[in-house]
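Each residue takes its place number in the sequence, starting with 1.
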Amino acid sequence: MPYAGQCCTFGAYEQDNNTSNGKEDVEWIVLAKENEKALVISKYALDCQQYNSTYTDVTWENCSLRKWMNGTFLNNAFSAEEQAQIQNTNVSADKNPEYSTNPGNATTDKVFLLSITEAEKYFTTDESRKCAPTAFAKAQGAYTSDSYKTASGEATCWWWLRSPGADQDNAADVYNDGSVNYNGNNVNNDNDCVRPAMWISLE
């Protein structure tokens, strides 16, 4: 089984934006391992979704993106057997390190977004935080910038974090250059991308 920093494949999701050839295997980066479990995050931004479908004060606990990730995405990307391997995780309500915005309550999820704290813990440089969207995510409206490229030369996107921004109507995200945007983006912004994270059983 891969070590932290390595990649593995698990599940399948539309990525090349050509539905006629079926879904593509999803690549994951292993962020951590403990007790026969691995914390993984998608190598590419798999979709483009709003953090919340309306512009309002919201937290990870009650945002529409959490429902989508643990419903539509989970059922679309993983078989019943694979879903059984994905652990129910106690997802902490991490505060924004720069603002006193209320982050809401902890949740239990199979699939989640990283918090600011986790994004800075598991990706120690801006360079390592840079992420390219799939062709499918671009077709869904992902904003990309040719000013910034991944190590393999692909244009990068913004991707959501679960932590609140300066206010509850903003959610933190990661910029094209890989830096963390503490101030956040409007929760209903429709060109930020999704990098799902989860704990998988290795047993």
Side-chain angles (χ1 to χ4, degrees), residues 4 28-32 34 39-71 73-74 86-133 137 141-143 145 148 156-199:
W28 303 88
I29 299 169
V30 178
L31 299 178
E34 60 181 55
L39 173 64
V40 299
I41 189 171
S42 65
K43 180 178 179 182
Y44 296 98
L46 297 179
D47 211 316
C48 179
Q49 295 279 334
Q50 296 169 305
Y51 187 87
N52 199 59
S53 53
T54 55
Y55 183 60
T56 186
D57 285 0
V58 71
T59 64
W60 169 248
E61 180 185 17
N62 47 23
C63 72
S64 60
L65 183 54
R66 177 181 171 230
K67 295 184 188 72
W68 178 85
M69 289 175 76
N70 285 278
F73 173 76
L74 182 70
I86 303 171
Q87 304 296 290
N88 282 314
T89 300
N90 180 33
V91 180
S92 57
D94 289 5
K95 290 197 164 106
N96 185 314
E98 290 195 2
Y99 298 97
S100 57
T101 320
N102 182 353
N105 299 309
T107 57
T108 301
D109 300 308
K110 281 189 176 282
V111 191
F112 52 93
L113 299 173
L114 295 185
S115 66
I116 291 174
T117 305
E118 291 163 349
E120 293 180 333
K121 173 183 175 182
Y122 296 117
F123 295 103
T124 53
T125 63
D126 290 356
E127 185 64 34
S128 64
R129 241 175 265 118
K130 284 184 189 171
C131 180
Y143 168 77
S145 168
Y148 300 102
T156 57
C157 62
W158 297 335
W159 51 282
W160 289 117
L161 301 174
R162 72 174 185 270
S163 304
D167 302 288
Q168 279 192 340
D169 54 14
N170 285 1
D173 57 2
V174 174
Y175 281 130
N176 293 87
D177 64 2
S179 64
V180 174
N181 174 17
Y182 294 90
N183 193 60
N185 221 333
N186 290 353
V187 292
N188 66 335
N189 183 60
D190 57 9
N191 51 21
D192 264 63
C193 290
V194 183
R195 289 183 83 179
M198 55 195 186
W199 282 94

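- A donor-acceptor contact shorter than 3.5 Å links the side chain of N96 to the backbone of P164.
- One distance of note links CG of N183 with CG of D173; it measures 9.5 Å at 0.5 Å rounding.
- Minimum interatomic distance between L74 and K110 (heavy atoms only, all atoms of both residues): CD2-CD, 4.0 Å.
- Y122 approaches A32 most closely through the heavy-atom pair CE2-CB, 3.9 Å.
- Between A142 and C48, the shortest heavy-atom contact is N-SG, 3.5 Å.
- In this structure, W68 has no side chain to side chain donor-acceptor pair (under 3.5 Å) partners at least two apart in sequence or on a different chain.
- For the atom pair CE (M198) and CG (N70), the distance works out to 11.0 Å, reported to the nearest 0.5 Å.
- Using a 4.5 Å heavy-atom cutoff, the side chains of V194 and L113 are in contact.
- Residues A45 and C131 come closest through the heavy atom pair N-SG, 3.3 Å.
- The shortest side-chain heavy-atom distance between L31 and L114 falls under the 4.5 Å cut-off.
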What verdict does the side-chain contact (heavy atoms from CB on, under 4.5 Å) test give for F112 and T107, after you've listed the backbone C-alpha separation in whole Å, the side-chain angles of each residue and the deciding distance to 0.1 Å?
CA-CA 10 Å; F112 52 93; T107 57; over 6 Å; no
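- For the atom pair CG of L65 and CZ of F73, the computed distance is 10.5 Å after rounding to the nearest 0.5 Å.
- Proximity of a side-chain donor or acceptor of N170 to a complementary backbone N or O of D167 within less than 3.5 Å is not detected.
- Panel note: side chain T108, backbone N88; no donor-acceptor pair is recorded below 3.5 Å.
- A distance of 4.0 Å separates CD in E34 from CH2 in W199, rounded to the nearest 0.5 Å.
- In this structure, the salt bridge (charged side-chain N to carboxylate O under 4.0 Å, His left out) partners of K43, at least two apart in sequence or on a different chain, are E27.
- The CD atom of Q50 sits 11.0 Å away from the CG atom of N185 when rounded to the nearest 0.5 Å.
- Atom NZ of K121 has 12 or fewer heavy atoms from other residues, nucleotides or ligands within 6.0 Å.
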Check step by step if side-chain contact (heavy atoms from CB on, under 4.5 Å) holds for T59 and N105.
CA-CA 8 Å; T59 64; N105 299 309; over 6 Å; no
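- Atom-to-atom distance recorded for N186:CG and N52:CG is 11.5 Å, nearest 0.5 angstrom.
- S115 and D94 share a side-chain donor-acceptor pair at under 3.5 Å.
- Side-chain contact check for S92 and R162: at least one donor-acceptor pair (N or O, by modelled atom type) lies under 3.5 Å.
- Between the side chain of S163 and the backbone N or O of I116, at least one donor-acceptor pair lies under 3.5 Å.
- Taking each heavy atom of W160 and Q49 in turn, the nearest pair found is NE1-O, 2.8 Å.
- Among Y175, W159, W158, the single residue meeting the ring pair (Phe, Tyr, Trp, His ring centres under 6.0 Å) criterion with Y143 is W158.
- A donor-acceptor contact closer than 3.5 angstrom is absent between the side chains of Y51 and N189.
- Without hydrogens or angle criteria, R129 side chain to S179 main chain gives no donor-acceptor distance under 3.5 Å.
- Under a 3.5 Å cut-off, the side chain of Q168 and the backbone N or O of N102 do form a donor-acceptor pair.
- Of the possible donor and acceptor atoms, none in the side chain of D169 sits under 3.5 Å from a partner among the backbone N and O of Y55.
- With sequence neighbours excluded, no residue forms a side chain to side chain donor-acceptor pair (under 3.5 Å) with D57.
- For the residue pair M69 and V111, the shortest heavy atom distance occurs at CE-CG1, 3.7 Å.
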